[in-house]
Amino acid sequence: MAIFCTIYYILSYMQTIPQIIKLVKTKSSNDYSLGTISLQLLANISWATYIFTSTQSIIVYIGTIVDLFLLFLIAFLIVKYYRFKNVVI
């Protein structure tokens, strides 16, 4: 069963790493949804809470920590590079 866990984490990283590269290269995040990233973070925090309150293999612990780190990095970059357009005060 560890192979399925490893496959999940590899595919998850394949999804998030290109987003990080694009955010850093373009320094623009207006085409990203902070709401979607927030939902992913909430889901991963719930997952991490479950994982760290039960006995798992080291692969699951490391994968969960890396997954959370990557999502927090994406959220940080979205907020950092967001450009306000036509702001009416």
Side-chain angles (χ1 to χ4, degrees):
M1 294 312 274
I3 188 72
F4 292 112
C5 184
T6 305
I7 291 170
Y8 164 77
Y9 285 121
I10 290 171
L11 293 175
S12 177
Y13 303 154
M14 286 174 59
Q15 170 191 342
T16 56
I17 291 174
Q19 292 179 28
I20 293 170
I21 293 170
K22 180 185 178 283
L23 282 164
V24 171
K25 283 175 107 176
T26 63
K27 296 193 182 342
S28 174
S29 66
N30 288 28
D31 56 342
Y32 284 87
S33 170
L34 190 57
T36 300
I37 295 299
S38 298
L39 286 174
Q40 284 180 310
L41 277 171
L42 181 62
N44 275 13
I45 289 169
S46 298
W47 171 254
T49 302
Y50 168 73
I51 290 302
F52 288 109
T53 58
S54 62
T55 304
Q56 302 292 330
S57 70
I58 191 72
I59 294 171
V60 177
Y61 292 129
I62 292 171
T64 300
I65 290 169
V66 172
D67 215 9
L68 278 170
F69 171 76
L70 291 174
L71 281 174
F72 275 115
L73 182 59
I74 289 172
F76 170 76
L77 291 172
I78 287 173
V79 171
K80 179 180 179 182
Y81 294 131
Y82 188 80
R83 304 274 188 250
F84 291 97
K85 298 178 185 174
N86 301 327
V87 177
V88 179
I89 298 177

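Rounding to the nearest 0.5 Å places CD1 of Ile51 at 3.5 Å from CH2 of Trp47. Rounding to the nearest 0.5 Å places CD1 of Ile20 at 7.0 Å from CG of Leu77. The CD atom of Gln40 sits 7.0 Å away from atom CD1 of Ile74, with the distance rounded to the nearest 0.5 Å. Atom OG1 of Thr26 sits about 11.5 Å away from atom CD1 of Ile21, to the nearest 0.5 Å. Note that CG of Leu73 and CD1 of Ile17 are 10.0 Å apart. Values are rounded to the nearest 0.5 Å.
Side-chain N/O atoms of Ser54 and Gln56 include a donor and acceptor closer than 3.5 Å.
Residues Asp67 and Tyr8 meet the side-chain proximity criterion, which asks for heavy atoms closer than 4.5 Å.
Take Ser29 and apply the side-chain contact (heavy atoms from CB on, under 4.5 Å) test, not counting sequence neighbours, and it matches Leu23, Tyr32, Ile78, Tyr81, Tyr82. Take Val79 and apply the side-chain contact (heavy atoms from CB on, under 4.5 Å) test, not counting sequence neighbours, and it matches Leu34. Shown here are the side chain to side chain donor-acceptor pair (under 3.5 Å) partners of Thr36, two or more places apart in sequence or in another chain: Ser33. A search for side chain to side chain donor-acceptor pair (under 3.5 Å) contacts involving Gln15 returns nothing, not counting sequence neighbours. Under the side-chain contact (heavy atoms from CB on, under 4.5 Å) criterion, Ala48 pairs with Phe52, Thr64, Leu68, not counting sequence neighbours.
The salt bridge (Lys or Arg N to Asp or Glu O under 4.0 Å) contacts involving residues 18-30 comprise Lys22-Asp31, where partners must be two or more places apart or lie in separate chains.
Nearest heavy-atom pair, Leu71 versus Ile37, reported as atom, atom and distance to 0.1 Å: O-CG2, 4.1 Å. For the residue pair Phe72 and Ile45, the shortest heavy atom distance occurs at CZ-CD1, 4.2 Å.
The local environment of OH in Tyr13 is crowded, with over 12 non-hydrogen atoms from other residues, nucleotides or ligands closer than 6.0 Å.
A single hydrophobic cluster is seen to contain both Val60 and Ile62, as judged by linkage of ILVMFWY side chains at heavy-atom distances under 4.5 Å, directly or through other members.
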